[in-house]
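See below for the structure under consideration.
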There are 2 protein chains.
Amino acid sequence: MVYTLMRNAEFNREKVLRSAMTAFMFKGYNKTSMQDLTKATGLHPGSIYCAFENKRGLLLAALEQYKQDRNIEFQNFFANEQPFFTELKNYLDNIVNECISCDSAQACLLIKALNELAEQDDEVQASISESLTNWQTALTEQFEQAKLSGELKTNRPSDHLARFFVMGIYGLRTFAQTHPHADVLHQLADQLYQDLCV
Amino acid sequence: MVYTLMRNAEFNREKVLRSAMTAFMFKGYNKTSMQDLTKATGLHPGSIYCAFENKRGLLLAALEQYKQDRNIEFQNFFANEQPFFTELKNYLDNIVNECISCDSAQACLLIKALNELAEQDDEVQASISESLTNWQTALTEQFEQAKLSGELKTNRPSDHLARFFVMGIYGLRTFAQTHPHADVLHQLADQLYQDLCV
DNA sequence: GAGTATCTTGAATGAACATTCAAGAAAGAG
DNA sequence: CTCTTTCTTGAATGTTCATTCAAGATACTC
């Protein structure tokens, strides 16, 4: 008797991870209890521990899923179907709107978790830093491409531009948490855009 | 028999609040236990509850103390004893060095608590937002003064300059948590400075 | 020095928490 | 249909936490 094919877990891993993501974004990692997570994911404690080892493992898995989802979103914004400046502006506008919404589900899990856990957990810190660095690199490539195509004229190196842009977005997201008027956020984003693209 | 003058609390309020500040900055509000706080402050639970109502009250008091301490620091940096550009550069350099140190005691409690608690606690959010707005206003005044004295030549309004500077610092502090090379932080701060003062 | 109002102490309390585990359900193989 | 493996379930566990409170210590008034 050889048993090769056995039962699979019944839940949808992506769905579960996206529910966990929103739960973590809503209350932060520490304030999100296992009870919150069982409610959000629909999984029972045992299933979570079986699939993800523990609460921290669920966070790490959710971070991976988040990273993947945001990557796909990024590729859609920079599909090279429109002029670079238009694509960059749309991308930034989207972030500004997420900020304005004040909806925790539209925040950035990476930044949120980084701020909460960077000093507490080296592995989480490393995972997040890597994702953010990849994002920064992807932006660098976009700036570089725009320079090569002649759309972007500047003597500043592409990686400096990407870095500054990233810093601006970190700042924007924190600024948004002081609940400023939407105009203020638009103006700040616009200034960031001008600083990079003129 | 009229008893007017009674015993005072024996602890030094400022010292206690500064200890609490560092404890909160080290682990964040939620992860800092009352046990951590009794160790850090040297106070017994009962004393803390008597003086500050509860853990949250201690945070609110610590935030007030932090705000006051940072205000004094700000006044020292902008004492009008040196050219505006020098003072601004020194101020920014100081922040960059705090970022480079990776010492949680040198982080910004306001930003840290804002990121952790903004969505959870309206009163804490309001207290922090007010402090940060005051800081921004103080910066606006410095830019305005520099324009009046002819040191700063720009057609951008002072409050826009201050806002952008503040956003940059929020961004810088988050960026620092990804542990970049010190040069990168210096370069980012320099670019922020250039963008405002040219 | 006696009396009293106030502050200090830290063990006790109960709630909330992450995690475990044994019993039950389900599905593929023969 | 039966057996075995795997997954699911959720109550039980032990820990940690914020908070309380009654007993003790202290300093001021008269």
Less than 3.5 Å apart, which donor and acceptor atoms pair up between the side chains of residues 160-170 of chain B and the rest of the protein, not counting sequence neighbours?
| residue | atom | partner | partner atom | Å |
| --- | --- | --- | --- | --- |
| B/H160 | ND1 | A/Q187 | NE2 | 3.0 |
| B/R163 | NH1 | A/Q187 | OE1 | 2.6 |

For B/Y29, is the NZ or CZ atom of B/K55 found under 6.0 angstrom from the centre of its six-membered ring and inside 45 degrees of the ring axis? yes
How close or far is atom P of D/dT8 from atom CG of A/L43, stated in whole angstroms? 7 Å
Strand contacts (DNA chain D) in residues 14-23 of chain A, 4.0 angstrom heavy-atom criterion: none
Find the distance A/L37:CG to D/dG10:C1' and express it as a whole number of Å. 16 Å
Could you work out, with ring pair (Phe, Tyr, Trp, His ring centres under 6.0 Å) as the rule, every residue matching A/F77, not counting sequence neighbours? A/Y91
Test salt bridge (charged side-chain N to carboxylate O under 4.0 Å, His left out) applied to A/R13 - qualifying residues, sequence neighbours left out: none
To the nearest angstrom, how far is A/I48 atom CD1 from D/dC7 atom C1'? 15 Å
Residue closer to the 5' end of DNA chain C, B/G42 versus A/D36 (nearest nucleotide): B/G42
Could you check how far CZ of B/F52 sits from P of C/dC7, rounded to whole Å? 13 Å
Looking at B/Y193, does the NZ or CZ of B/K89 lie under 6.0 angstrom from its six-membered ring centre and within 45 degrees of the ring axis? yes
Here the distance between atom P of C/dC7 and atom CG of B/N12, to the nearest Å, is 16 Å
Give the nucleotide from the list D/dT9, C/dG10, C/dT8 with an atom nearest to the side chain of B/H44. C/dG10
N/O contacts under 3.5 Å, protein versus nucleotides 18-20 of chain D?
| residue | atom | partner | partner atom | Å |
| --- | --- | --- | --- | --- |
| D/dA18 | OP1 | B/T32 | O | 3.3 |
| D/dA18 | OP1 | B/K55 | NZ | 2.8 |
| D/dA18 | OP2 | B/M34 | N | 2.4 |
| D/dT19 | OP2 | B/Y49 | OH | 2.5 |
| D/dT19 | OP2 | B/K55 | N | 3.2 |
| D/dT19 | O5' | B/Y49 | OH | 2.9 |

Excluding sequence neighbours, so at least two apart, what forms ring pair (Phe, Tyr, Trp, His ring centres under 6.0 Å) with A/F26? none
For B/E87, the salt bridge (charged side-chain N to carboxylate O under 4.0 Å, His left out) test, sequence neighbours excluded, returns none
By side-chain contact (heavy atoms from CB on, under 4.5 Å), which residues pair with B/E53, not counting sequence neighbours? none
Rounded distance in Å - CZ (B/R13) to C1' (C/dT8): 17 Å
Only counting residues at least two apart or in another chain, list the ones meeting salt bridge (charged side-chain N to carboxylate O under 4.0 Å, His left out) with B/D121. B/R56
